[in-house]
Number of protein chains: 2
Amino acid sequence: MADRMEDFRNQLKEKGYKLTMQRQAVLNSIIEHEGEHLSTEEIYELVKKNHPEIGLATVYRTLLLLDRMELVYKLDLDDGCSRYELNKDNEDHRHHHLICTECGSVEEVQEDLLESLEEQILQKNGFIIKDHRVKFYGCCKKCIELLRKP
Amino acid sequence: MADRMEDFRNQLKEKGYKLTMQRQAVLNSIIEHEGEHLSTEEIYELVKKNHPEIGLATVYRTLLLLDRMELVYKLDLDDGCSRYELNKDNEDHRHHHLICTECGSVEEVQEDLLESLEEQILQKNGFIIKDHRVKFYGCCKKCIELLRKP
DNA sequence: ATTCATGCAAATCGTTTGCAACCCA
DNA sequence: TGGGTTGCAAACGATTTGCATGAAT
């Protein structure tokens, strides 16, 4: 569901902000690359194809906005820059990432499966968990196969 | 159990490196503040008390070394700088952090409790997990109590 | 004596900010 | 029209690096 651009426009309007061509272009680039984890620089390069005049600072400012409006999700894949993915609006809990330390690939795990752990933490620490960030490091299927037959 | 300094000296010797006074001072500061999550700058300030001549770059270089030797563990608590904690040598899996979004406190959860999830991921994705990093965001016990009776 | 480590300053890199010109509502 | 937005360049803050000096083995 959800026309994301409509959502963006409405959230902007609510706050008295404007839907500019640059903002549309940034969101569009991310939508067109759903499933990827684009860095700010990569998004900048994508947007420049159709809008060569755009400034990097505008991309940074727009991503901040999109993050705050929860239209995108900022992630840290340990490569020294921020990366973004489209927010799946049906997610109540953040999905996990599997990072292959051999080839650097990143997969997603939609399952949450942390409920019982979170319940235990509530019992033991009295800490109410509202969100989590989980990264798994290891070896992906492809790399396991490559390592098996050399 | 481990005299950590001895461990450090041995690992250095193995690689032909030297145990300098600065390196000892950095590791000592972290040992003396076990349980905390010191930033590089904080460690720098601590070391300067006894060794005012030390340079910040040396602290950075030493922390890199300690991290590679797995004597300390680098963590990202979302405040824009790297933080370090002593590596508990009995841990096979990294412990989790509970970050309170109200007061900013950070607790640790020693329990792992991710085995069944990791097993499921192996079955489903064929991904072998070797390590993980888990951060939980929420509200700590103290803040819950404070919010209850205003 | 050799080789590695240090302190300092300069360089780097991602990100943020100040500001005059600009443009959406 | 007017206030938010942009592009540019300068500023920033954490971290890294080059280099001559200094210290550990």
Side-chain angles (χ1 to χ4, degrees), chain A residues 5-6 8-29 37-69 71-72 74-84, chain B residues 5-6 8-29 37-69 71-72 74-84:
Chain A
M5 196 59 75
E6 223 22 67
F8 192 22
R9 163 176 274 122
N10 291 337
Q11 286 205 55
L12 287 170
K13 187 180 285 178
E14 236 170 68
K15 299 187 172 97
Y17 300 150
K18 294 164 185 172
L19 182 58
T20 62
M21 179 236 289
Q22 291 88 332
R23 286 177 177 171
Q24 293 185 57
V26 169
L27 180 51
N28 265 328
S29 293
H37 310 99
L38 301 172
S39 68
T40 309
E41 204 71 38
E42 285 165 354
I43 294 165
Y44 175 52
E45 292 304 325
L46 286 169
V47 174
K48 268 210 293 196
K49 285 181 189 167
N50 295 314
H51 305 274
E53 355 66 59
I54 199 170
L56 181 54
T58 300
V59 178
Y60 272 102
R61 285 187 277 233
T62 303
L63 288 170
L64 198 66
L65 211 53
L66 288 168
D67 188 36
R68 280 209 275 258
M69 293 181 172
L71 288 163
V72 302
K74 184 180 189 171
L75 38 123
D76 170 23
L77 261 25
D78 311 296
D79 63 350
C81 63
S82 295
R83 294 183 169 273
Y84 295 86
Chain B
M5 195 58 77
E6 225 20 68
F8 191 22
R9 163 176 274 124
N10 291 337
Q11 285 204 55
L12 287 169
K13 186 180 286 179
E14 234 171 70
K15 297 183 172 101
Y17 299 152
K18 293 164 184 171
L19 182 58
T20 62
M21 177 235 289
Q22 291 89 333
R23 286 179 177 170
Q24 293 185 56
V26 169
L27 180 50
N28 265 328
S29 292
H37 309 101
L38 300 172
S39 68
T40 309
E41 204 72 39
E42 285 165 354
I43 294 166
Y44 176 52
E45 291 306 324
L46 286 170
V47 174
K48 268 211 292 197
K49 286 183 189 165
N50 294 316
H51 304 274
E53 353 68 59
I54 199 170
L56 181 55
T58 299
V59 178
Y60 272 102
R61 284 186 279 232
T62 304
L63 289 170
L64 197 66
L65 211 52
L66 288 168
D67 188 37
R68 279 210 274 259
M69 294 181 171
L71 288 163
V72 303
K74 185 180 189 170
L75 38 122
D76 169 24
L77 260 26
D78 310 296
D79 63 348
C81 63
S82 296
R83 294 184 169 273
Y84 296 85

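Small disclaimer: the values here were computed from a predicted structure and weren't measured. Here is how names work: the chains are called A, B, and so on, in the same order as the sequence lines, proteins then strands, and each is numbered from 1.
Between the C1' atom of C/dC4 and the NZ atom of B/K13 lies a distance of 16 Å, rounded to the nearest Å. Going from atom CG of B/L19 over to atom P of C/dA5 covers 11 Å, rounded to whole Å. B/Y44 has its OH atom 14 Å from the C1' atom of D/dT15, to the nearest Å. Distance, B/E45 CD to D/dA14 P: 12 Å, rounded to whole Å. When rounded to the nearest whole Å, the span between CD of A/E53 and C1' of D/dA9 equals 18 Å. One can place CG of B/L63 at 15 Å from P of C/dA5, the figure rounded to the nearest angstrom. Note: CE (A/M21) to P (C/dA25) measures 12 Å, nearest angstrom. If you take CG of B/L65 and P of D/dT16, they are 13 Å apart, rounded to a whole angstrom.
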Where along nucleotides 10-23 of chain C does protein come under 4.0 Å, by heavy atom, of base (B) or sugar-phosphate alone (S), with - for untouched nucleotides?
----SBBBB-----

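To the nearest 0.5 Å, atoms CG (A/N10) and CE (A/M69) are separated by 10.0 Å. The CD atom of A/Q24 sits 12.5 Å away from the CG atom of A/N50 when rounded to the nearest 0.5 Å.
If you find the closest nucleotide of DNA chain D to B/Y17 and to A/T62, the one lying nearer the 5' end belongs to A/T62. Nearest-nucleotide mapping onto DNA chain D: of B/Q22 and A/R23, the residue sitting toward the 5' end is A/R23.
Contact check for B/E42 versus B/E45: no side-chain heavy atoms found under the 4.5 Å cut-off. The shortest side-chain heavy-atom distance between B/Q22 and B/H51 does not fall under the 4.5 Å cut-off. Proximity of A/E41 to A/V59: side-chain heavy atoms (C-beta onward) are nowhere separated by under 4.5 Å.
In terms of phosphate contacts, B/T58 brings a side-chain nitrogen or oxygen within less than 4.0 Å of OP1 or OP2 of C/dG7.
Formation of a donor-acceptor pair under 3.5 Å by the B/D67 side chain with backbone atoms of B/L63 is not found in this model. At least one donor-acceptor pair closer than 3.5 Å links the side chain of B/R23 to the backbone N or O of B/K18.
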